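Since the model is a prediction, treat every value here as computed from it, not as a measurement.
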Amino acid sequence: MNESGRLRVLLADDQPLLRMGFRLILEGEDGLEVVGEASDGADAVRQVRRLDPDVVLMDVRMPTLDGIEATRAITGSGSRARIIILTTFDLDEYAFAGLQAGASAFLLKDVAPAELVQAVRVVASGDAVVAPRVTQRLLDMYVRGTGPAAAPDGPGRVAPPVAPAPRDPLLEDLTPRETEMLEAMSEGLSNAEIAHRYFLSEATVKTHVRRILTKLHLRDRVQAVVYAYETGLVTPSNPDY
């Protein structure tokens, strides 16, 4: 966010008409500013470095460098930019690959204008956008390997592990209450819902969330959910809902 308090957005997509449409939607809203456009992943990485946006709308399939690798490069550089992956199908294997690479959310390309604007605002605040049920279905499919067996390796794709990684020693740094909070976050609960469940104030929940992210070296709540599943702290529930 710049000195004027406006959220700065970078558009990365190889389709000029789609970039134009997103620009018209976002710039029609108070407090949002499109600071640049990129037509491939390599250019997106360069422009993030140069423009320092708050949020990047990142297409997956782009020339030169795909959106997954571009996301990995941006998050790995220590950039503060939050990335929203744009996909065509809600359970596309690219969606989870994007979350693994460090994206904060994913949206369908045909998202409604109001949902797009809300997503940008929510991601900039550090909260999740991926709907809880969709998040859990993605994790069931791609973390536990219960989804399409033919999710092949290739540019921007991941071969899902069939077993959780060994328990991360960092989990031992969490207090019992923080572990409860992380498990609740992994269910897709909001701060208000967590507060109601544990008879806490929202401010207290927010404090716990910040401490969890700091202790586990995570960027945001979505990364916390991915972490909880990958380390085996949380087990996928019924994949058929």
Side-chain angles (χ1 to χ4, degrees), residues 1 5 7 30-32 54-55 75 78-85 90 95-96 98-107 111 114-144 164-241:
M1 187 177 294
L7 289 175
D30 292 335
L32 298 181
D54 299 296
V55 177
T75 58
S79 170
R80 66 183 186 86
R82 306 286 183 181
I83 299 174
I84 300 176
I85 293 288
D90 63 352
F96 184 69
L99 298 184
Q100 282 190 311
S104 297
F106 78 93
L107 291 174
V111 61
E115 293 178 16
L116 174 66
V117 171
Q118 177 66 6
V120 169
R121 296 189 192 281
V122 172
V123 162
S125 75
D127 285 334
V129 169
V130 184
R133 287 179 181 269
V134 176
T135 303
Q136 291 172 342
R137 287 167 66 195
L138 277 168
L139 290 164
D140 281 340
M141 292 175 69
Y142 296 108
V143 173
R144 298 304 184 197
R167 185 176 175 87
D168 190 336
L170 289 178
L171 285 171
E172 305 305 322
D173 294 337
L174 300 183
T175 66
R177 174 63 86 184
E178 288 167 349
T179 300
E180 287 182 333
M181 297 292 103
L182 179 54
E183 291 171 344
M185 289 163 60
S186 300
E187 294 178 39
L189 298 184
S190 67
N191 286 344
E193 291 168 331
I194 295 173
H196 178 75
R197 173 182 289 186
Y198 293 103
F199 305 100
L200 301 170
S201 70
E202 284 194 54
T204 298
V205 173
K206 289 180 180 178
T207 298
H208 282 308
V209 171
R210 283 197 300 270
R211 288 175 177 168
I212 290 167
L213 297 181
T214 298
K215 287 182 177 181
L216 300 180
H217 309 298
L218 300 170
R219 288 168 59 86
D220 53 36
R221 294 170 71 100
V222 169
Q223 296 305 306
V225 174
V226 174
Y227 174 90
Y229 277 82
E230 288 190 319
T231 58
L233 178 67
V234 175
T235 302
S237 53
N238 179 6
D240 297 324
Y241 55 88

In terms of heavy-atom contacts, Ala105 and Val123 come closest through CB-CG2, 3.9 Å
Correct closest heavy-atom pair for Gly102 and Thr75 would be O-CG2, 3.5 Å
Residues passing the side-chain contact (heavy atoms from CB on, under 4.5 Å) test with Ala192, sequence neighbours excluded, are Ser190, Glu202
Output for pair (His217 NE2, Leu170 CG), nearest 0.5 Å, gives 5.0 Å
Residues at least two apart in sequence or cross-chain that pass side-chain hydrogen bond (donor to acceptor under 3.5 Å, both in side chains) with Arg211, listed by chain then number, are none
In terms of heavy-atom contacts, Val55 and Ala124 come closest through CG2-CB, 3.9 Å
Notebook entry, point to check: Side chains of Leu171 and Leu174: does their closest heavy-atom pair fall under 4.5 Å?
Noted result: yes
side-chain contact (heavy atoms from CB on, under 4.5 Å) filter on Arg177, not counting sequence neighbours, yields Thr175, Glu180, Met181, Tyr198, Leu200, His208
Thr214 meets the side-chain hydrogen bond (donor to acceptor under 3.5 Å, both in side chains) criterion, sequence neighbours left out, with none
Partner of Asp54 under salt bridge (Lys or Arg N to Asp or Glu O under 4.0 Å), picked from Arg80, Arg121, Arg82, is Arg80
Shortest non-hydrogen pair, Ala103 vs Val222, comes out as O-CG1, 4.1 Å
Taken to the nearest 0.5 Å, the spacing of Ile194 CD1 from Thr204 OG1 works out to 12.0 Å
Is there side-chain contact between Ile212 and Tyr227, with at least one heavy-atom pair below 4.5 Å? no
With sequence neighbours left out, the residues meeting side-chain hydrogen bond (donor to acceptor under 3.5 Å, both in side chains) with Lys215 are Glu178
OG of Ser104 to CZ of Arg221, rounded to nearest 0.5 Å, is 12.0 Å
Sorted by chain and residue number, the side-chain contact (heavy atoms from CB on, under 4.5 Å) partners of Ser79 (sequence neighbours excluded) come out as Val48, Ile74, Ser77, Ala81
Between the CD atom in Gln118 and the CG atom in Leu107, the distance rounded to the nearest 0.5 Å is 11.0 Å
Please walk me through it: do Ile84 and Leu116 pass side chain to side chain contact (heavy atoms under 4.5 Å, CB included)? CA-CA 10 Å; Ile84 300 176; Leu116 174 66; 5.9 Å; no
Those residues at least two apart in sequence (or on a different chain) that pass side-chain contact (heavy atoms from CB on, under 4.5 Å) with Ala224 are Leu182, Met185, Leu213, Leu218
